[in-house]
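Quick notes on the structure that follows.
Computed over heavy atoms, backbone and side chain alike; hydrogens, waters and symmetry mates excluded.
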Amino acid sequence: MTAPRLKLESTRFASDGIFRSALESSPDCVKIIDLDGVVQFINRNGAALLGAEDLAVLLGMPWLSVWESSERPKVAAALAAAAAGEKQRFTGAARIFTGELRYFDNVLAPLADDAGATSALLVTSRDVTEIEAARLAAESRERLAEQQASVLRAAAEMAKLASWGADFRRGVLIRSEESNVLLRGGLMEAPIQQGFGMYEPEVQRQVTALIERVRTHGEQMKYEAPFIRHDGTRGWVRLRGEPVYEGGECVGLTGTAMDISEQKAAEETLRRAERRLACALGLAGVHVYELDFETRTLIHEGEGELVFDTQPTFDDLWPDLEVIVHPEDRARASTEWEAALADGTPFRSEFRVNRSDDRELWIFCVAEILVDAVGEPARLIAALVDITERKRGEIETLQAIARMREHEDRQKLLLDELNHRVKNTLASVQSVAVQSLRDARDLRGARDLFIERLMALSSTHNLLVKRGWEGATLHELAEMTLRPYGHPYVVHGPDLKLDPNFAVSLGMALHELATNALKHGAWQAAGGHVELVVEPGADNATIVWREMGGPPVAQPTRRGFGSRLLERGVARELGGQVSLQFDPAGVVCAIRAPLSDRLRVIVPVAA
């Protein structure tokens with residue numbers, strides 16, 4: 001087109017050669033726009049950035065027409081404000097002459113004439129497409145991270161864990177809400193040294209040394225320590241921390257914390273009980289039994305509940321001392337007794353007492369044989385204390401530790417499984433996106449096709465979620481995929497059980513076949529219908545898609561995504577063969593795959 005006459009002759013800059021030379025030398029897209037929003041001048045670099053081969057196509061063009069429709073209200077507002085004498089800046093998306101969508105950072109400055117009135121606008125546009133793409137990618141990563149964080153928070157809640165983190169670049173310690181519950185208050189974010197103020201000075205020094213080892217050597221951080229809660233109460237905490245790297249540099253820590261105050265209190269209670277027991281035994285307290293070999297009598301001293309359900313005699317115990325020991329502990333106690341005699345040391349053991357009422361009673365026994373001048377037994381003194389509750393506490397503690405380890409293992413298993421499924425899902429989405437846009441000439445149509453395929457993938461995932469991600473049946477998959485189209489179809493033959501990966505691949509295949517039937521095949525005609533037939537064999541199964549009653553089918557001139565998905569993706573995933581025939585009477589697709597744990601025939605139960 002012929003460029004219109006420039007309408008800025010009355011301005012001070014219209015004939016300024018230096019000014020125009022400066023505009024031409026700018027690497028950005030520099031324009032002069034009149035107050036009606038029409039381009040009156042554009043530098044050559046600007047035309048190149050917009051993909052225009054000739055400046056003439058840009059001169060006289062309304063600047064608003066360059067922008068995407070969603071951006072135009074913002075652009076119009078900026079033009080109006082700049083025309084009123086206000087400097088404006090905004091970032092927006094514009095479709096350049098090559099058809100490519102690019103992002104520009106724009107600065108609008110009013111230009112005054114000799115009288116000082118705004119007569120035109122100087123607009124500088126800088127291409128920031130790569131920066132904007134990086135920002136959008138970062139936002140996407142943040143959304144994914146937030147999703148993963150929500151899963152981690154749920155898992156942490158199940159395991160009663162609190163999370164925390166340290167940012168070395170900012171020098172701050174960040175606590176989660178669960179951490180503040182554990183600490184009963186305090187700041188969510190504080191300088192690292194201040195954040196570790198919940199410890200005594202000696203523990204703080206140890207923690208500081210651990211953090212330094214993490215920063216310099218990438219070690220994991222593991223420790224247990226006493227701490228002081230925000231309300232002044234004391235407890236014990238178990239912390240785990242992992243280094244966080246960016247560009248090879250350790251920039252922080254992320255970790256978990258568990259309140260183990262009750263466990264430590266139980267351990268301390270056990271230690272105090274053992275010390276009291278040792279003192280009591282040393283003073284011959286609680287229950288003391290003495291066998292006098294000269295008089296063949298049994299002397300018992302002690303108060304409280306008796307260890308034995310009936311009071312034994314000398315002859316009940318000697319020479320078979322093992323009779324007081326529960327049969328399941330007898331071999332171990334006998335070995336310990338023989339070892340004590342051989343070493344000449346007191347016998348010490350814990351065992352269950354053999355009682356006629358079958359009550360389980362644990363005792364701690366310290367016994368020693370005193371001999372006479374010729375080395376014959378003179379007396380046997382044994383101190384016994386009931387440790388049933390302590391043993392139960394130990395067993396419960398061991399069970400609690402085992403449960404905690406099971407929780408930790410299950411948490412890792414869940415996170416590994418989630419990570420695996422997220423990766424597989426993202427890989428599927430990436431493949432669908434690449435194939436949908438691979439040969440796209442119509443971006444809007446490609447976008448709609450991409451969305452349809454994502455919905456098909458999402459529907460299959462919803463079905464798998466309902467089934468606990470244990471797989472799905474072919475009939476379920478066909479019902480979910482084909483019924484929404486509202487066209488006739490029928491499924492013949494036995495049902496098939498598919499593992500999750502098979503279900504996803506076959507779901508996408510059925511979607512592509514159904515879409516083709518609707519656009520080009522049997523479902524175009526009023527009487528057209530589809531048959532899905534399962535033909536089981538000895539070691540394989542064949543799934544046949546057959547279209548009938550539609551318009552004549554012609555051999556396609558090119559292979560699209562659906563054909564590639566069937567002939568390559570589905571065949572590879574199922575480890576079988578796919579035959580796709582464009583018969584004039586209707587499309588026939590035969591999928592043959594070997595039977596296995598991942599694909600098996602469901603035998604109907606006889607009525």
Side-chain angles (χ1 to χ4, degrees), residues 425 427-464 472 474-492 498 501-534 543-574 578-591:
T425 301
S428 298
V429 171
Q430 181 186 31
S431 177
V432 169
V434 170
Q435 295 296 337
S436 298
L437 302 175
R438 181 177 182 178
D439 301 319
R441 294 177 175 82
D442 178 9
L443 290 179
R444 184 180 298 276
R447 181 194 64 187
D448 295 341
L449 185 61
F450 175 55
I451 291 174
E452 289 175 5
R453 287 166 176 164
L454 282 187
M455 293 301 294
L457 181 63
S458 174
S459 298
T460 305
H461 276 241
N462 287 339
L463 176 60
L464 290 172
L474 177 63
H475 284 196
E476 290 174 336
L477 205 58
E479 177 79 3
M480 178 201 68
T481 306
L482 303 182
R483 180 173 290 277
Y485 287 92
H487 290 276
Y489 73 95
V490 64
V491 182
H492 293 302
L498 313 166
N501 289 340
F502 278 15
V504 170
S505 295
L506 198 54
M508 291 297 295
L510 290 177
H511 167 75
E512 293 299 324
L513 289 168
T515 301
N516 185 72
L518 185 64
K519 293 181 179 180
H520 311 291
W523 283 348
Q524 273 194 319
H529 66 282
V530 170
E531 286 187 354
L532 191 64
V533 182
V534 177
I543 305 169
V544 181
W545 168 283
R546 183 177 290 109
E547 298 180 23
M548 292 175 288
V553 175
Q555 186 74 20
T557 58
R558 53 186 293 271
R559 291 298 198 194
F561 170 74
S563 299
R564 292 194 295 269
L565 172 69
L566 289 165
E567 296 175 341
R568 301 176 190 173
V570 174
R572 181 172 60 251
E573 180 61 41
L574 272 61
V578 176
S579 171
L580 186 59
Q581 299 177 6
F582 295 88
D583 190 273
V587 173
V588 177
C589 178
I591 302 172

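Taking both residues in full, the closest heavy atoms of A514 and L482 are given as CB-CD2, 3.7 Å, listed atom of the first, atom of the second, then distance. In terms of heavy atoms, A554 sits closest to F582 at O-CB, 4.2 Å. Between A478 and L532 the shortest heavy-atom distance is CB-CD2, 3.9 Å.
Rounded to the nearest 0.5 Å, atoms CG (L580) and CG (L513) are 7.0 Å apart. Atoms CG and NE2, on L477 and H511 in that order, are 12.5 Å from each other to the nearest 0.5 Å. Annotation: the span from H475 atom NE2 to M480 atom CE amounts to 14.0 Å, rounded to 0.5 Å.
Evaluation of the salt bridge (Lys or Arg N to Asp or Glu O under 4.0 Å) rule for E476 yields R467 as partners, not counting sequence neighbours. Partners of H487 by ring pair (Phe, Tyr, Trp, His ring centres under 6.0 Å), not counting sequence neighbours, listed by chain and number: W523.
A donor-acceptor pair under 3.5 Å is formed between the side chain of Q524 and the backbone N or O of K519.
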| query | After noting the C-alpha distance and the side-chain angles of L506 and I591, does the key distance pass the side-chain contact (heavy atoms from CB on, under 4.5 Å) rule? | reply | CA-CA 10 Å; L506 198 54; I591 302 172; 3.8 Å; yes
N/O donor-acceptor pairs under 3.5 Å from side chains in residues 543-552, not counting sequence neighbours:
from	atom 1	to	atom 2	distance (Å)
W545	NE1	E547	OE2	2.9
E547	OE1	A522	N	3.0

